[in-house]
Amino acid sequence: NVLIYFDAEARDRVIARLWNSLQPGGYLFVGYSESLRDHQARFFALRSEDGVIYRRREPNQPDPDAPSANAAPTARPMVAPHPLPIALPPSPAAPPVAAPSRAPAPPRLALSGDYTDGARLAAELRPLLAGEGAVVDLDGAGFLGDEAARVLERATRAAPGLVLTARRPAVRRWLWRHRLAPSEDE
């Protein structure tokens, strides 16, 4: 966690030296607050439940995760966020029975991509703050910056019914580190 204290030029020099020090295909582990997203020509980002690991990329080496020009696009299966109740018509012999009423599910926001600053996150949260309660799922976020933590802290104060959820250990640690959730020990 030292690169965050350098200016852009010094950071670029250090990252170039790290790249030169690695064997071809070698791995670079950096602290949670560090990111090499501006150095995609030098490193592949490999995401795991615990964070991001960087692997040395050779000059002109294509990204193995990028779809090739000949590859057919892969479709993601669509999954309903909540199970849908199935209502069967009443049998003719039995009187109709009213279905039990369920409270509507609170609005849900699933984060995705990188949140390097708070502007995008604030814009996505704004519609949720007017309601009684909402759920923000942070597991889809690839990167959460410090400004995103400040936006979430202000949002939870403005809307006490706002619930932040995360199952990924790295995201849970990020929430704890920014005092947005109790630690596992508390």
Side-chain angles (χ1 to χ4, degrees), residues 1-79 81 108-125 135-155 164-181 183-185:
N1 290 331
V2 72
L3 292 173
I4 60 175
Y5 299 107
F6 295 158
D7 63 28
E9 186 179 315
R11 190 172 32 253
D12 289 345
R13 285 193 314 267
V14 169
I15 291 170
R17 288 176 126 184
L18 288 168
W19 184 87
N20 284 324
S21 298
L22 287 172
Q23 295 290 324
Y27 293 92
L28 177 63
F29 296 83
V30 295
Y32 183 78
S33 64
E34 307 285 5
S35 172
L36 302 180
R37 68 183 165 279
D38 296 335
H39 298 275
Q40 293 154 343
R42 293 183 189 271
F43 295 96
F44 297 110
L46 307 169
R47 300 190 189 288
S48 75
E49 284 189 17
D50 290 324
V52 180
I53 302 165
Y54 295 95
R55 187 166 188 192
R56 179 179 157 151
R57 178 193 297 243
E58 299 311 306
N60 301 319
Q61 181 181 9
D63 188 340
D65 294 329
S68 69
N70 315 5
T74 58
R76 288 186 173 171
M78 292 190 64
V79 178
R108 186 174 192 85
L109 171 63
L111 301 187
S112 66
D114 292 345
Y115 294 84
T116 55
D117 62 29
R120 176 177 163 218
L121 181 57
E124 290 179 10
L125 285 172
V135 176
V136 180
D137 183 350
L138 288 90
D139 280 329
F143 176 80
L144 292 161
D146 290 339
E147 186 58 31
R150 287 188 277 281
V151 168
L152 287 172
E153 193 271 328
R154 287 191 304 267
L164 306 177
T165 66
R167 289 180 307 282
R168 289 178 38 213
V171 179
R172 293 171 65 90
R173 283 193 302 273
W174 182 88
L175 284 168
W176 175 77
R177 199 170 31 257
H178 289 284
R179 298 191 179 4
L180 293 168
S183 72
E184 307 277 328
D185 302 333

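Because the structure is predicted, anything quoted here is derived from the model rather than measured.
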### Message
Between the side chains of Arg150 and Glu153, is the shortest nitrogen-to-carboxylate-oxygen separation below 4.0 Å, so that they form an ion pair?
### Response
no
### Message
For a quick test of reading the model, state the closest non-hydrogen atom pair linking Leu175 to Ala166 and the distance between them.
### Response
CD1-CB, 3.9 Å
### Heavy-atom check, side chain of Leu36 versus side chain of Val52, under 4.5 Å
no
### Task
Specify the closest pair of heavy atoms between Arg56 and Gln23, including all atoms of both residues, with the distance to one decimal.
CD-O, 3.4 Å
### Message
Looking at Arg42 and Leu18, would you say the former's side chain and the latter's main chain have a donor-acceptor pair under 3.5 Å?
### Response
no
### Query
Rounded to the nearest 0.5 Å, how far does CD1 of Ile53 lie from CZ of Phe29?
4.5 Å
### Task
Using atom types as modelled and distance alone, determine if a side-chain donor or acceptor of Arg11 lies under 3.5 Å from a backbone N or O of Phe6.
yes
#### Entry: Flag side-chain contact, heavy atom, 4.5 Å: Leu138 against Trp174
yes
### Query
Which atom pair, heavy atoms only, marks the closest approach of Pro59 to Trp19?
CD-CZ2, 4.0 Å
#### Entry: Minimum heavy-atom distance Leu22-Tyr27, with the two atoms named
CD2-O, 3.4 Å
### Residues that Asp12 engages under salt bridge (charged side-chain N to carboxylate O under 4.0 Å, His left out), provided they are two or more places apart
none
### Message
The criterion is salt bridge (charged side-chain N to carboxylate O under 4.0 Å, His left out); which residues satisfy it with Arg120, sequence neighbours excluded?
### Response
Glu124
### Side-chain donor or acceptor of Glu34 paired with backbone N/O of Val2 under 3.5 Å
yes
### Asp137 side-chain N/O to Asp139 backbone N/O, donor-acceptor pair under 3.5 Å
yes
## Note on the structure
Closest non-hydrogen atoms of Gly25 and Arg55, given as atom of the first, atom of the second and distance, are O-NE, 2.7 Å
### Message
On a heavy-atom basis, which atom in Ala148 and which in Leu121 lie closest, and how many Å separate them?
### Response
O-CD2, 3.5 Å
### Message
Between Ile15 and Leu3, is there a side-chain heavy-atom distance shorter than 4.5 Å?
### Response
yes
